[in-house]
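Below you'll find the structure, written out as structure tokens, and then a few comments.
The structure presented is a predicted model; accordingly, all values stated were derived computationally and were not measured.
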Amino acid sequence: MKLNLYVLTPKRIIWDCEVKEIILSTNSGQIGVLPNHAPINTAVDMGPLRIRLLNDQWLTAVLWSGFARIVNNEIIILGNDAELGSDIDPEEAQQALEIAEANVSRAEGTKELVEAKLALRRARIRVEAVNWIPPSN
């Protein structure tokens, strides 16, 4: 069996194809979705989206929050924004992480600290996406 996966943002269609499985970051933790998953609507948290293709290859995308609907082997993810892992430059992501870590330690005031921590979380997610090693089959 397979799943039909659609990942949409206001700017573009990120993904539209059949897959074997996904692992999705939600506000209550990560969930794995296989064919015949129970119907569910869930908020999507900032985090990686792991996609197992029909040929058993794994791909990674990064979702910057949104909403997902899973029903009848169809997954529709409406994201505020998203990036494919293959579009993320590993060196740039690592540099952004280092800058974000420094900005957190230099932040002055509540607003600046909150913004710096959010940037740090985004940077960590991007680095995690490019460094993820898929499970062996």
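Between R52 and V19, the shortest heavy-atom contact is O-CB, 3.4 Å. Nearest heavy-atom pair across V127 and A93 is CG2-O, 3.4 Å. Closest heavy-atom contact between N103 and R106: OD1-NH2, 2.6 Å.
No donor-acceptor pair under 3.5 Å is formed between the side chain of Q94 and the backbone N or O of P90. A donor-acceptor pair under 3.5 Å is formed between the side chain of S25 and the backbone N or O of P48. N4 contributes no side-chain N or O that, together with a main-chain N or O of E18, makes up a donor-acceptor pair within less than 3.5 Å. D87 contributes no side-chain N or O that, together with a main-chain N or O of E83, makes up a donor-acceptor pair within less than 3.5 Å. Here the side chain of N72 pairs no donor or acceptor atom with the backbone of E74 at under 3.5 angstrom.
To the nearest 0.5 angstrom, I88 atom CD1 is 10.5 Å from E128 atom CD. The structure places CG of N27 at 6.5 Å from OG1 of T42, a figure rounded to the nearest 0.5 Å.
More than 12 heavy-atom neighbours from other residues, nucleotides or ligands sit within 6.0 angstrom of CG on N41.
Seen from the ring of W132, R50 counts as a face-on cation partner, given the 6.0 Å and 45° thresholds.
By the 4.5 Å heavy-atom criterion applied to side chains, I76 and V7 are not counted as neighbours. Looking at L97 and L120, their side chains come closer than 4.5 Å, going by heavy atoms from C-beta outward. Residues Y6 and R69 are not in side-chain contact: their nearest non-hydrogen atoms beyond the backbone lie 4.5 Å or more apart. Contact of the T26 side chain with the Q30 side chain is not registered, since no non-hydrogen atoms from C-beta on lie closer than 4.5 Å.
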For V44 and I77: C-alpha separation, side-chain torsions, deciding distance, then whether side chain to side chain contact (heavy atoms under 4.5 Å, CB included) applies.
CA-CA 8 Å; V44 174; I77 300 172; 4.3 Å; yes
Start with the C-alpha distance between N73 and N36, add both sets of side-chain angles, then the distance that settles side chain to side chain contact (heavy atoms under 4.5 Å, CB included), and finish with yes or no.
CA-CA 6 Å; N73 293 323; N36 299 317; 3.5 Å; yes
Test side chain to side chain contact (heavy atoms under 4.5 Å, CB included) applied to R121 and I125, step by step
CA-CA 6 Å; R121 184 172 176 210; I125 290 167; 4.0 Å; yes
Derivation and outcome, side chain to side chain contact (heavy atoms under 4.5 Å, CB included), residues K20 and L34:
CA-CA 7 Å; K20 278 190 175 179; L34 294 167; over 6 Å; no
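Put simply, the residue from D81, D45, L24, I14 that forms a side chain to side chain contact (heavy atoms under 4.5 Å, CB included) with L63 is L24.
V130 and L49 sit in two unconnected hydrophobic clusters of ILVMFWY residues. Membership requires side-chain heavy atoms under 4.5 Å apart, directly or through other members. Cluster annotation: I51 and I40 are assigned to the same hydrophobic cluster (Ile/Leu/Val/Met/Phe/Trp/Tyr, side-chain heavy-atom contacts under 4.5 Å, transitive). Linking ILVMFWY side-chain heavy atoms closer than 4.5 Å, directly or via other members, places V62 and I22 in two distinct hydrophobic clusters. Under the 4.5 Å side-chain heavy-atom criterion for grouping Ile, Leu, Val, Met, Phe, Trp and Tyr, I75 is connected to W15 within one hydrophobic cluster. Hydrophobic clustering (side-chain heavy atoms under 4.5 Å, transitive across Ile, Leu, Val, Met, Phe, Trp, Tyr) groups L5 together with L84.
For the residue pair S65 / N80, a side-chain donor-acceptor distance below 3.5 Å is found, with atom types taken as modelled.
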